[in-house]
> 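The following block contains the structure, expressed as structure tokens.
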Amino acid sequence: FSSESAKNLRHLVIVLRRFFPAQAQTEILAEVRPLLCPHSHLAYRGIGYLSLFLPISPECPHDWLAEIMALWETLRNTPFWDFCILSLLSRLAKDKPRAVDWTPYLSQIFSNILRIFDLPIGRGGLRSVYNVKAGVAVSILFMGDSRETSRVI
């Protein structure tokens, strides 16, 4: 594929995944889980596939969330991984409002966001390798009940 064809194919999947049936989520997870070994380079491909293909709708369960959050703890300082996870989390928060209890994950999410911003300590210069979109994508997580979020923080 040329880069333009790959870009068009990626956009097509993003537009069409909302039409995937609810059981497609189970099938996609079954196909991708073997790739999600944190000790293999294939984990990057697996998380990319999940971020791209996993349908998230009110009918779809979100039982995969704990597994993804545990994986996020194993691979740190990886911009691609962080962006894919934040993309999944923001879609879950947007497409299933109030369906997820974020309380157990807020500390981990905020810690990872702070790490993503890669703020310098002392007199060090800015040297972030992260795309600004990663920070913007997570803003949807905080659109729910702000009292509950601020209480946990």
Side-chain angles (χ1 to χ4, degrees), residues 6-119 128-153:
K7 181 180 172 183
N8 290 336
L9 184 59
R10 196 170 30 253
H11 181 70
L12 183 65
V13 170
I14 290 169
V15 169
L16 294 179
R17 72 179 164 218
R18 68 175 173 220
F19 299 110
F20 292 177
Q23 67 269 18
Q25 189 182 72
T26 305
E27 296 168 7
I28 291 169
L29 286 167
E31 288 290 325
V32 172
R33 272 193 177 113
L35 301 176
L36 294 178
C37 173
H39 306 292
S40 170
H41 68 282
L42 294 176
Y44 298 100
R45 185 176 291 177
I47 197 65
Y49 288 155
L50 277 184
S51 177
L52 182 62
F53 288 101
L54 195 66
I56 298 174
S57 68
E59 302 82 38
C60 294
H62 56 273
D63 52 355
W64 49 267
L65 180 60
E67 180 181 359
I68 294 299
M69 295 301 287
L71 280 170
W72 200 12
E73 280 298 302
T74 62
L75 290 173
R76 294 178 170 256
N77 297 325
T78 309
F80 178 74
W81 187 266
D82 292 333
F83 182 76
C84 289
I85 297 288
L86 288 175
S87 173
L88 279 170
L89 296 180
S90 64
R91 287 196 300 123
L92 181 61
K94 179 182 171 206
D95 295 342
K96 294 183 77 163
R98 303 196 189 282
V100 178
D101 177 17
W102 293 103
T103 307
Y105 306 112
L106 285 178
S107 176
Q108 180 184 1
I109 292 169
F110 280 114
S111 295
N112 286 335
I113 290 170
L114 285 174
R115 182 180 42 77
I116 287 169
F117 286 139
D118 198 19
L119 297 174
S128 180
V129 295
Y130 286 89
N131 187 326
V132 176
K133 290 181 184 178
V136 174
V138 79
S139 65
I140 194 82
L141 289 173
F142 310 115
M143 294 176 65
D145 186 356
S146 60
R147 288 170 291 151
E148 179 63 21
T149 303
S150 61
R151 184 186 65 76
V152 173
I153 295 171

> With no hydrogens and no angle check, is any side-chain donor or acceptor of Arg18 less than 3.5 Å from a backbone partner on Ser57?
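Not confirmed, Arg18 side chain does not pair with Ser57 backbone.
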> Find out whether Leu65 and Trp102 are in side-chain contact, i.e. whether some heavy atom of one side chain is under 4.5 Å from a heavy atom of the other.
yes
> So does Ser107 get a backbone contact from the side chain of Ser111, meaning a donor-acceptor N/O pair under 3.5 Å?
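Yes; judged by distance alone, with no hydrogens or angles, the pair exists.
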> Of all heavy-atom pairs between Cys84 and Gly48, which one has the smallest distance, and what is that distance?
SG-CA, 4.0 Å
> A quick test of your reading: do over 12 heavy atoms of other residues, nucleotides or ligands sit less than 6.0 Å from CD of Glu67?
yes
> Just how far is it from atom CZ of Phe83 to atom CG of Leu86, taken to the nearest 0.5 Å?
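If we round to the nearest 0.5 Å, Phe83:CZ and Leu86:CG are 8.0 Å apart.
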> What pair of heavy atoms forms the shortest contact from Leu50 to Arg91, and how long is it?
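So the minimum-distance heavy-atom pair works out to O-NH2, 3.9 Å.
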> State, to 0.1 Å, how close Leu75 and Pro38 come at their nearest heavy-atom pair, and which atoms those are.
CD2-O, 3.8 Å
> Show the nearest heavy-atom pair for residues Pro55 and Ile28, with the distance to one decimal.
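Heavy atoms only, the tightest pair is CD-CD1, 3.6 Å.
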> Report the distance from atom CZ of Phe110 to atom CZ of Arg115, rounding to the nearest 0.5 Å.
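Here the rounded value is 14.5 Å.
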> Test side chain to side chain contact (heavy atoms under 4.5 Å, CB included) on Val32 and Leu54; report intermediate values, then the result.
CA-CA 10 Å; Val32 172; Leu54 195 66; over 6 Å; no
> Look up atom CZ in Phe53 and atom CG in Leu16, then write down how far apart they are to the nearest 0.5 Å.
10.5 Å
> Run the side chain to side chain contact (heavy atoms under 4.5 Å, CB included) test on Glu73 and Asn112 for me, step by step, so that the C-alpha distance in whole Å, both residues' side-chain angles and the decisive distance to 0.1 Å come before the verdict.
CA-CA 9 Å; Glu73 280 298 302; Asn112 286 335; 4.0 Å; yes
> Locate the shortest heavy-atom distance separating Ala30 from Pro34; write the atom from each residue and the value.
O-CD, 3.4 Å
> Would Leu89 and Tyr105 count as a side chain to side chain contact (heavy atoms under 4.5 Å, CB included) here? Give the steps.
CA-CA 11 Å; Leu89 296 180; Tyr105 306 112; over 6 Å; no
> In Å and rounded to the nearest 0.5 Å, what is the NZ to CG distance from Lys7 to Leu12?
14.0 Å
> Among Ile47, Leu88, Thr78, Ile109, exactly one meets side-chain contact (heavy atoms from CB on, under 4.5 Å) together with Trp72. Which residue is that?
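Single pass found, and it is Ile109.
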> Rounded to the nearest 0.5 Å, how far does NE2 of His62 lie from NZ of Lys96?
5.0 Å
> At their closest point, which heavy atom of Gln25 faces which heavy atom of Pro61, and how far apart are they?
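So the two residues come closest at OE1-O, 2.6 Å.
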> Check the angle between the aromatic planes of Trp81 and Tyr44 and answer parallel, tilted or perpendicular using the 30° and 60° thresholds.
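Perpendicular, since the angle between the ring planes exceeds 60°.
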> In Å, rounded to the nearest 0.5 Å, how long is the span from CG of Asp82 to CD1 of Ile116?
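With rounding to 0.5 Å, CG (Asp82) is 4.0 Å from CD1 (Ile116).
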